[in-house]
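Reading through the structure tokens given below for one structure.
Computation of the quantities below employed the complete heavy-atom set of this structure, encompassing side-chain atoms and omitting hydrogens, waters and symmetry-equivalent molecules.
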Amino acid sequence: MYFKSFFDEKLAHMSYLIGCQKTGEALVIDPARDVAPYHAAAKKEGLTISAATETHIHADYLSGIRELARSGGVKLYVSDEGDQDWKYQYLNGYEQELLKDGSTFYIGNVKFDVLHTPGHTPESLSFLLTDEGGGADEPMGIFTGDFLFVGDVGRPDLLEKAAGAKGTSETGAIDMFRSLKKLKYLPDHLQVWPAHGAGSACGKSLGAVPMSTLGYERKFNWALRITDEKEFVHELLTGQPEPPTYFAQMKKLNKEGPPLLTREVIPRKSAPTEGDVVVDTRDASRFSDGHLKGSLNIPYNRSFPNWAGWLLDYELDIFLIAEEGRIGEIRKALSSIGLDQVKGYMDPEDLPGQLETYESISVEKANQLMTDDHYYVVDVRNGNEWEDGHIREAHHHMLGHLPEADLPQDKTLIIHCQSGARSAIGASLLQAKGHEVLNVKGGFSAWKGAGYPVE
């Protein structure tokens with residue numbers, strides 16, 4: 001048997017290529033939209049990708065399962081669990097097999113047994129892997145998707161908070177508690193292969209280790225140590241991070257059919273077209289020193305897809321400010337969450353002479369200004385960060401919801417986050433909307449470090 005994992009650090013996403021070396025067949029589990037790495041790995045090992053599956057209809061990235069099937073010869077194995085709202089709608093024309101609890105399928109001599117493990121979503125499946133070609137008669141591991149993570153379990157509130165399915169958070173939490181009971185009779189040695197690691201918004205305390213064992217999780221995963229259903233439901237629903245607004249769009253597209261990728265050349269231009277959303281991908285210091293009026297600063301780093309998904313409109317064309325050599329990787333990051341509408345770019349060396357700027361200030365300066373009625377303090381951190389402690393004069397407007405925030409136009413906005421990175425994005429957004437802005441260097445951490453009061 002051949003086994004290879006793939007990790008996208010920007011989405012904290014794990015996917016897997018499993019092959020039978022005796023028959024030359026291979027399966028991809030929970031594929032990302034960019035399927036080239038799977039084909040390259042399979043070719044290197046003399047394997048042919050003959051099948052693809054996913055553990056559930058994902059909400060945090062655009063699936064590559066349709067990309068793998070587009071040229072034919074790839075069979076799709078997908079869930080047939082859950083109600084009608086969570087059925088795949090694009091399978092006609094593709095070779096397919098619908099899976100339910102207790103189903104079994106093979107890739108060569110590698111056996112996959114299917115468990116229905118709802119909770120994160122109603123249709124969620126897990127796959128037990130047994131290498132019969134290697135002589136095994138019991139499973140080696142389990143692909144758990146967003147059901148069981150290292151140190152955590154999948155959140156059940158996304159359907160309600162991101163997809164608008166009212167009243168599903170508590171029922172999902174109860175389903176999760178009962179799904180975990182299905183692990184009771186599985187052996188401790190089982191390796192646990194999840195779909196996400198630390199940094200994903202699909203849980204609240206995911207571990208940074210890429211895999212674990214069921215025995216280890218039984219000992220140290222909080223969710224497997226709670227035996228009372230009500231206590232479990234309360235703990236699971238408490239403290240979950242804000243779900244990005246783009247999750248609803250991903251869920252819809254992955255259910256109805258992820259659009260197939262096209263590869264038109266992105267033209268280099270001297271200026272954006274009227275109506276484009278200008279996204280400047282430089283770091284915050286370079287942006288604050290000079291940028292096109294009205295542009296949004298989302299630095300190209302590990303958090304780039306997350307904030308792009310939160311803040312960009314899927315209906316509006318995108319114009320990038322980025323070095324020519326990085327356009328391909330930035331485009332790939334945007335397409336991983338379905339933002340395909342990049343219509344042009346400008347290299348920073350082509351920026352004109354007359355540029356807009358904003359100022360960053362120290363916490364000492366912020367402390368002097370914020371008691372003046374001409375200033376309004378904006379804290380763009382997450383809700384749990386705000387509740388753990390905040391500046392007395394601050395008003396909470398989480399960064400992802402900042403575009404619709406009702407803020408005073410007649411005051412200068414003093415913006416901060418925990419360290420200064422998110423507030424820099426917020427400063428660019430609010431400046432583009434016509435506000436006067438000051439970004440606090442070092443953010444709340446620097447404020448506390450200086451000994452200023454916290455509520």
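Note that CD1 of I65 and CG of D30 are 8.5 Å apart. Values are rounded to the nearest 0.5 Å. Summarising the geometry, atom CD1 belonging to I29 is positioned 11.5 Å from atom OG belonging to S5; distances are rounded to the nearest 0.5 Å. Note that NZ of K293 is 11.0 Å distant from OG1 of T357, once rounded to the nearest 0.5 Å.
The two residues P258 and L62 make their nearest non-hydrogen contact at CB-CG, 4.0 Å.
A distance-only check finds no donor-acceptor pair linking the side chain of D280 to the backbone of L320 [under 3.5 Å].
For the side chain to side chain contact (heavy atoms under 4.5 Å, CB included) with S428, the lone residue among I415, N297, L311 that qualifies is N297. Results of the salt bridge (charged side-chain N to carboxylate O under 4.0 Å, His left out) test with D340 over R331, R263, R33, K332 single out R33 as the only residue that passes. With Y345 as the fixed residue, the side chain to side chain contact (heavy atoms under 4.5 Å, CB included) test singles out one of I327, D350, I321: I327.
Ring geometry for F143 versus Y16: interplanar angle over 60°, hence perpendicular rather than tilted (30 to 60°). Taking the six-membered ring where the residue is Trp, H196 and H58 present perpendicular rings, their angle passing 60° and hence far from 30°. The aromatic rings of F6 and Y38 lie perpendicular to each other, with more than 60° between the two planes, well past the 30° mark. Aromatic ring orientation, Y216 versus F220: tilted (interplanar angle from 30° to 60°).
Under the 4.5 Å side-chain criterion, counting only non-hydrogen atoms from C-beta, Y2 is not in contact with C20. I49 has its side chain out of reach of V35: every pair of non-hydrogen atoms, C-beta onward, lies at least 4.5 Å apart.
Under the salt bridge (charged side-chain N to carboxylate O under 4.0 Å, His left out) criterion, K441 pairs with no residue, sequence neighbours left out.
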In sequence, state the C-alpha distance, the side-chain angles, and the governing distance for H13 and Y61, and then conclude on ring pair (Phe, Tyr, Trp, His ring centres under 6.0 Å). CA-CA 9 Å; H13 166 225; Y61 67 92; 4.0 Å; yes
Kindly determine whether L68 and H39 satisfy side-chain contact (heavy atoms from CB on, under 4.5 Å), including the steps that lead there. CA-CA 9 Å; L68 288 168; H39 284 300; 3.8 Å; yes
Using the ring pair (Phe, Tyr, Trp, His ring centres under 6.0 Å) rule, take F127 and W193 through it: C-alpha gap first, then chi angles, then the decisive distance, then the call. CA-CA 10 Å; F127 306 119; W193 301 307; over 10 Å; no
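A donor-acceptor pair shorter than 3.5 Å cannot be found between the side chains of S445 and S419.
A cation-pi contact, defined as under 6.0 Å to the ring centre and within 45° of the axis, links R381 to F444. The cationic group of K10 does not satisfy the cation-pi geometry with W307, failing either the under 6.0 Å distance to the six-membered ring centre or the 45° limit from the ring axis.
With ring centers used as reference points, H56 lies 6.0 Å or more from W86.
Sorted by first then second residue, the side-chain hydrogen bond (donor to acceptor under 3.5 Å, both in side chains) pairs that include residues 386-395, not counting sequence neighbours, number zero.
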